[in-house]
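The structure appears right after this line, and notes come after that.
In what follows, residues are counted from 1 in the order of the sequence shown.
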Amino acid sequence: MYYAQVNQQTHHPSRTMIVIGYGQVMATPSSVQLQIEVQTQGNHVQGPQQENAAIMNEVMQSLIALGIPREQIQTASYTITPLYNFEDGKQIFNGYEVVNAISVNVSDTNDLGLIIDTAVENGANRITNIQFKMNHTDAYYQQALSLALQNAQLKAKTIAETMHLPLQPLPVEIVEEQANTPILYRSKAVSSGITPIEQGQIAIDATVRVKFQY
């Protein structure tokens with residue numbers, strides 16, 4: 001009895017690996033925003049109101065004299081709050097507090113210490129919410145994205161070489177993960193003679209999920 005020989009080819013299912021690539025670019029902040037406040041108190045609301053207005057006017061004029069455009073100075077909040085003390089479990093009225101806060105945007109971050117000193121010298125008594133910013137992050141993000149892809153390729157190559165896998169060089173899928181908010185990394189301080197405010201760099205990150213066949 002004769003049997004016909006049948007050629008059989010073994011088909012290996014395609015196998016994939018998924019790697020996560022990270023990229024980061026450091027950039028110098030291009031602007032800074034801070035909040036400058038004047039707080040006054042008095043027994044009657046008109047007194048601290050008038051005092052506050054006079055002081056804040058001096059603060060704003062001093063900032064304009066530094067070369068800050070008026071349109072980069074705007075009111076952030078204005079509050080009048082009654083004050084109370086508690087004695088023997090009783091609430092006792094103790095006057096009013098008036099708080100006027102302005103937001104200042106500055107393009108030259110090196111001037112921040114001088115701006116704070118000038119505001120305080122002219123009557124400001126609280127500085128809050130100092131935020132360093134990047135006005136144009138897209139170009140930096142594209143660089144970080146390129147680094148993330150290179151990082152993913154290197155990881156896949158390392159895995160394939162270690163495990164002796166026949167890695168296909170071109171990925172079959174690339175997914176860009178959601179970009180994170182840029183993070184400020186503080187480094188060196190401003191030169192002496194004025195209030196030292198640390199100048200840092202902003203980290204711009206990119207993450208990709210890449211699938212390779214082998």
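- One finds the CD atom of E51 at 10.0 Å from the CD atom of Q41 (value rounded to the nearest 0.5 Å).
- Taking CZ from F93 and CG from N43, the interatomic distance works out to 7.5 Å, rounded to the nearest 0.5 Å.
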Name each donor-acceptor pair under 3.5 Å that joins a side chain in residues 159-177 to protein atoms two or more places apart or in another chain, with its distance.
from: T162; atom 1: OG1; to: T158; atom 2: O; distance (Å): 2.7
from: E176; atom 1: OE2; to: Y141; atom 2: OH; distance (Å): 2.4
from: E177; atom 1: OE2; to: R209; atom 2: NH1; distance (Å): 2.5

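- Counting only heavy atoms from C-beta outward, the side chains of Y84 and K90 never approach each other to under 4.5 Å.
- N57 contributes no side-chain N or O that, together with a main-chain N or O of A53, makes up a donor-acceptor pair within less than 3.5 Å.
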Run the numbers on S146 and Q142 for side-chain hydrogen bond (donor to acceptor under 3.5 Å, both in side chains), then give the verdict.
CA-CA 6 Å; S146 178; Q142 299 303 325; over 6 Å; no

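- Between the N125 side chain and the Q39 main chain, a donor and an acceptor come within less than 3.5 Å of each other.
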query = Taking it one step at a time, do Q153 and F212 satisfy side chain to side chain contact (heavy atoms under 4.5 Å, CB included)?
reply = CA-CA 9 Å; Q153 287 181 313; F212 290 89; 4.1 Å; yes

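- N52 and V98 make their closest contact through ND2-O, 3.1 Å (heavy atoms, listed as atom of the first residue, atom of the second, distance).
- Residues M60 and I73 meet the side-chain proximity criterion, which asks for heavy atoms closer than 4.5 Å.
- Smallest separation of non-hydrogen atoms from T128 and E37: OG1-OE2, 3.5 Å.
- Taken to the nearest 0.5 Å, the CD1 atom of I127 stands 4.5 Å off from the CD1 atom of I36.
- Note that the CG atom of L145 and the CG atom of D138 stand 10.0 Å from one another [nearest 0.5 Å].
- Both I130 and L63 are members of a single hydrophobic cluster when ILVMFWY side chains are connected at heavy-atom separations under 4.5 Å.
- With sequence neighbours left out, the side chain to side chain donor-acceptor pair (under 3.5 Å) criterion links Q143 to no other residue.
- Follow the hydrophobic side-chain contacts under 4.5 Å out from L114 and you reach V106 in the same cluster.
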Please lay out, stage by stage, how D117 and I115 fare under the test side chain to side chain contact (heavy atoms under 4.5 Å, CB included). CA-CA 6 Å; D117 286 347; I115 291 170; over 6 Å; no

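- Criterion: ILVMFWY side-chain heavy atoms under 4.5 Å apart, direct or through other members. Under it, I204 and L149 are part of a common hydrophobic cluster.
- Remark: side-chain polar atoms of D108 are paired, donor with acceptor, to backbone N or O of N110 under 3.5 angstrom.
- S62 places a side-chain N or O within 3.5 Å of a backbone atom of V59 that can act as its donor or acceptor partner.
- Here the shortest heavy-atom pairing between N105 and I68 reads O-CG2, 4.4 Å.
- Side-chain atoms of N129 do not come within 3.5 Å of backbone N or O of Q35 as any donor-acceptor pair.
- With hydrogens and angles ignored, the 3.5 Å screen pairs no side-chain donor or acceptor of D205 with any backbone N or O of A144.
- Nearest approach of P82 to Y96, heavy atoms of both residues: CA-CD2, 3.9 Å.
- Looking at T40, its side chain does come within 3.5 Å of a backbone N or O of P48 through a donor-acceptor pair.
- Residues I64 and I116 share a single hydrophobic cluster, defined by chaining ILVMFWY side chains whose heavy atoms lie under 4.5 Å apart.
- Closest approach of P29 to Q201, counting heavy atoms only: CD-CA, 4.1 Å.
- Both L66 and M56 are assigned to one and the same hydrophobic cluster, defined by single-linkage of ILVMFWY side chains at heavy-atom distances under 4.5 Å.
- The nearest pair of heavy atoms linking I55 to A124 is CG2-N, 4.4 Å.
- Residues passing the side chain to side chain donor-acceptor pair (under 3.5 Å) test with Q72, sequence neighbours excluded: none.
- Checked by atom type and distance alone, the side chain of K133 never pairs as donor or acceptor with a backbone atom of Q33 at under 3.5 Å.
- Atom OH of Y214 and atom OG1 of T16 lie 7.0 Å apart (nearest 0.5 Å).
- How far OG1 of T109 is from CZ of F132: 6.0 Å, rounded to the nearest 0.5 Å.
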